[in-house]
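The structure under discussion appears below in the form of structure tokens.
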Number of protein chains: 2
Amino acid sequence: MRFPKLFERLATLTPLPPEQWAKAEAVAKEQSLSKRELFLRPGDPADRFAVVLQGVFRAVRVSPRGGESIKAFRAEGELIGAYAEMLQRRSSMTAIEALEPSHVLVFQTQDFQQLEQGHVCWERLARRVAEQHFVLKERREQEFLELSAEERLVKFWEEHPHLKGRIPQRDVAAYLGITEVALSRIMSRRRREASR
Amino acid sequence: MRFPKLFERLATLTPLPPEQWAKAEAVAKEQSLSKRELFLRPGDPADRFAVVLQGVFRAVRVSPRGGESIKAFRAEGELIGAYAEMLQRRSSMTAIEALEPSHVLVFQTQDFQQLEQGHVCWERLARRVAEQHFVLKERREQEFLELSAEERLVKFWEEHPHLKGRIPQRDVAAYLGITEVALSRIMSRRRREASR
DNA sequence: CCTCCGCCTTAACCCAGGTCAAGCCCAGGT
DNA sequence: ACCTGGGCTTGACCTGGGTTAAGGCGGAGG
């Protein structure tokens with residue numbers, strides 16, 4: 001077993017027989033990415049995903065009008081991939097970019113479907129993953145509906161302390177749905193008010 | 001089979017043996033709700049969900065500060081329930097309220113878990129449902145990130161034409177994340193500009 | 001050592017949407 | 001026919017965040 005820690009993490013979601021995990025490891029490939037390198041670029045078929053072994057990624061959506069917004073940051077132990085597009089069998093609208101030199105474990109969705117045919121545990125895992133992703137998105141929706149940009153910022157750092165120092169400010173802004181200018185203003189206001 | 005149309009709809013998501021569907025119908029109970037009646041109220045355990053047979057519902061979240069925001073509208077053929085809370089085994093933070101005299105088919109999550117034990121098709125169905133919910137929430141997130149209130153409004157009516165005339169304006173506003181005042185202004189501006 | 005570049009900050013101005021408050025319209029009840 | 005109340009609109013004013021543009025600053029490369 002090459003990745004025992006990953007195995008354990010997944011096994012907390014659903015019972016996962018070690019021999020099934022062995023099959024998964026057999027089809028997975030490791031990949032290294034340098035800073036700024038893309039794991040997935042817009043237009044690519046959404047036919048692969050990966051687990052982050054080391055590093056941080058951002059999932060960027062470039063809107064038709066050219067604006068960039070950030071759907072998520074992903075660090076160690078988390079999944080990267082154009083999940084929504086994969087489910088809809090479309091090509092990716094999303095770029096997934098390494099913010100640091102990174103290392104990931106890649107699966108082809110096709111190979112994963114093979115695994116699903118072999119044992120129900122993979123379907124159960126896929127269900128858990130879908131459910132978790134849903135819960136996260138719903139939480140984010142909630143934040144857009146009832147919090148101001150400043151409140152969203154505070155919450156962001158509460159929920160992602162491990163990202164501190166690893167992601168540029170402008171990306172935090174793009175994640176919160178504001179410009180870097182607005183974010184800078186918010187931060188300086190807070191600094192000023194905190195010191196008084 | 002009491003609900004052949006519903007059966008067909010679900011069978012498009014995943015193969016669903018008729019005898020399994022029969023078991024589901026056996027544990028389901030019909031319920032009628034009058035206008036303004038709550039299917040679920042905040043604080044209730046999230047231990048039941050339903051399919052809308054007739055009517056429209058809104059899923060309302062009352063924030064700690066008292067503001068109401070609307071997570072979704074649900075009409076015929078759609079699911080109602082505190083899905084996120086169910087997955088997290090929490091009690092509901094959400095009220096689900098009938099906007100019209102309505103009629104639904106209720107399942108206890110407990111009974112549904114029984115069905116899951118009996119046949120994998122139910123797990124597969126649950127997976128599809130989770131995935132679909134995810135895709136919808138992600139689309140909504142996207143809209144908050146890159147569209148103005150006016151653009152969200154236009155898109156809302158494009159995507160939910162069947163709700164026209166069935167939901168009060170203020171609820172549309174609460175769904176879009178703005179006040180009813182702002183919505184009214186946007187609409188009058190559009191009327192004015194359209195006539196010119 | 002200087003320069004360039006990427007990233008952040010600050011300032012000035014603008015606009016969408018919030019807030020508060022006054023009306024309006026109309027359906028339902030008496 | 002008259003009230004009443006709920007839901008929508010309108011106006012005046014305020015504020016948060018967008019836009020544009022001008023620096024500041026620290027690190028990499030000449």
Side-chain angles (χ1 to χ4, degrees), chain A residues 34-37 56 58 60 62-70 73 97-101 143-157 163-195, chain B residues 34-37 56 58 60 62-70 73 97-101 143-157 163-195:
Chain A
S34 53
K35 183 168 174 170
R36 308 239 73 201
E37 195 176 344
V56 191
R58 58 174 194 166
V60 186
V62 181
S63 76
R65 296 105 171 136
E68 281 198 353
S69 56
I70 294 196
F73 298 102
E97 180 184 344
L99 294 175
E100 302 175 350
E143 290 170 10
F144 278 112
L145 283 171
E146 60 189 36
L147 301 183
S148 68
E150 176 162 2
E151 293 169 311
R152 296 204 298 278
L153 173 65
V154 171
K155 211 160 183 187
F156 176 78
W157 286 122
L163 295 178
K164 219 145 218 167
R166 301 175 79 181
I167 57 186
Q169 209 114 287
R170 79 149 63 84
D171 286 342
V172 178
Y175 179 83
L176 297 176
I178 61 180
T179 59
E180 60 177 334
V181 180
L183 177 55
S184 177
R185 261 192 311 239
I186 289 171
M187 290 178 57
S188 69
R189 177 157 37 88
R190 307 192 92 235
R191 250 174 278 138
R192 213 168 337 111
E193 291 179 359
S195 69
Chain B
S34 53
K35 184 169 175 171
R36 309 240 72 199
E37 194 176 345
V56 190
R58 56 173 197 169
V60 186
V62 181
S63 77
R65 296 103 170 138
E68 282 198 351
S69 56
I70 294 197
F73 297 102
E97 180 184 344
L99 294 175
E100 303 174 350
E143 290 171 9
F144 277 112
L145 282 170
E146 59 190 38
L147 300 183
S148 68
E150 176 163 0
E151 293 169 312
R152 296 205 297 280
L153 173 65
V154 171
K155 213 162 181 184
F156 176 78
W157 286 121
L163 295 178
K164 219 145 217 166
R166 302 175 77 180
I167 57 186
Q169 209 115 285
R170 80 147 67 82
D171 286 343
V172 177
Y175 178 84
L176 297 176
I178 61 180
T179 59
E180 59 175 334
V181 181
L183 177 54
S184 176
R185 264 193 306 242
I186 289 171
M187 289 179 56
S188 69
R189 177 156 37 87
R190 307 193 92 234
R191 250 175 279 140
R192 216 172 330 115
E193 290 179 359
S195 70

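The sequence lines fix the lettering, A, B, ..., with proteins before strands; numbering per chain opens at 1. Just so it is clear, the values below take in all heavy atoms, side chains as well, and ignore hydrogens, waters and symmetry mates.
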Between [N] atom [atom2] and [X] atom [atom1], what is the distance in whole Å?
{"X": "Glu150(B)", "N": "dG18(D)", "atom1": "CD", "atom2": "P", "result": "18 Å"}
{"X": "Lys35(B)", "N": "dG7(D)", "atom1": "NZ", "atom2": "P", "result": "8 Å"}
{"X": "Glu180(B)", "N": "dG6(D)", "atom1": "CD", "atom2": "C1'", "result": "10 Å"}
{"X": "Ile186(A)", "N": "dT9(C)", "atom1": "CD1", "atom2": "P", "result": "12 Å"}
{"X": "Leu145(B)", "N": "dG17(D)", "atom1": "CG", "atom2": "P", "result": "15 Å"}
{"X": "Leu147(A)", "N": "dG18(C)", "atom1": "CG", "atom2": "P", "result": "14 Å"}
{"X": "Leu99(A)", "N": "dC7(C)", "atom1": "CG", "atom2": "P", "result": "11 Å"}
{"X": "Glu146(B)", "N": "dG18(D)", "atom1": "CD", "atom2": "P", "result": "14 Å"}

> Counting only N and O atoms by type, is there a donor-acceptor contact under 3.5 Å from the side chain of Arg152(B) to the main-chain atoms of Leu147(B)?
Replying inline: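 Yes: the side chain of Arg152(B) pairs with the backbone of Leu147(B).
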> Can you check whether Arg185(A)'s main-chain N or O pairs, donor with acceptor, with Ser188(A)'s side chain at less than 3.5 Å?
Replying inline: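 The answer is yes, because a donor-acceptor pair under 3.5 Å joins these two groups.
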>> So Gln169(A) and Leu183(A), do their side chains get closer than 4.5 Å, heavy atoms only?
In response: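 The answer is yes; the side chains approach within 4.5 Å.
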>> Looking at every non-hydrogen atom in both residues, tell me the closest pair between Trp157(A) and Leu163(A) and how far apart they are.
In response: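 Distance-wise, the nearest heavy atoms are CZ3-C, 3.9 Å.
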> Minimum heavy-atom separation for Tyr175(A) to Leu145(B), with atom names?
Replying inline: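 Looks like O-CD2, 3.7 Å.
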Measuring to OP1 and OP2 of [N], would you say a side-chain N or O of [X] lies under 4.0 angstrom away?
{"X": "Arg185(A)", "N": "dA11(C)", "value": "no"}
{"X": "Ser188(A)", "N": "dT10(C)", "value": "yes"}
{"X": "Arg189(B)", "N": "dA16(C)", "value": "no"}
{"X": "Ser184(A)", "N": "dC8(C)", "value": "no"}

>> Please verify the inter-ring angle class for Phe144(A) with Phe144(B); under 30° counts as parallel, over 60° as perpendicular, anything in between as tilted.
In response: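 Because their plane-to-plane angle is under 30°, the rings of Phe144(A) and Phe144(B) count as parallel.
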>> I'd like to know if Glu97(B) and Arg58(B) make a salt bridge, using a cut-off of under 4.0 Å between side-chain N and carboxylate O.
In response: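 So Glu97(B) pairs with Arg58(B) through a salt bridge.
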> With respect to the side chain of Thr179(A), which nucleotide from dT19(D), dC20(C), dG18(C) is positioned closest?
Replying inline: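 Comparing dT19(D), dC20(C), dG18(C) against the side chain of Thr179(A), the answer is dT19(D).
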> Got a sec? Which of residues 167-177 of chain B come in under 4.0 Å of DNA chain D, heavy atoms?
Replying inline: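 Output list: Pro168(B), Gln169(B), Arg170(B).
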> For dT20(D), which nucleotide is its Watson-Crick or G-U wobble mate, given both distances must be under 3.5 Å?
Replying inline: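 Across any shown strand, dT20(D) pairs with dA11(C).
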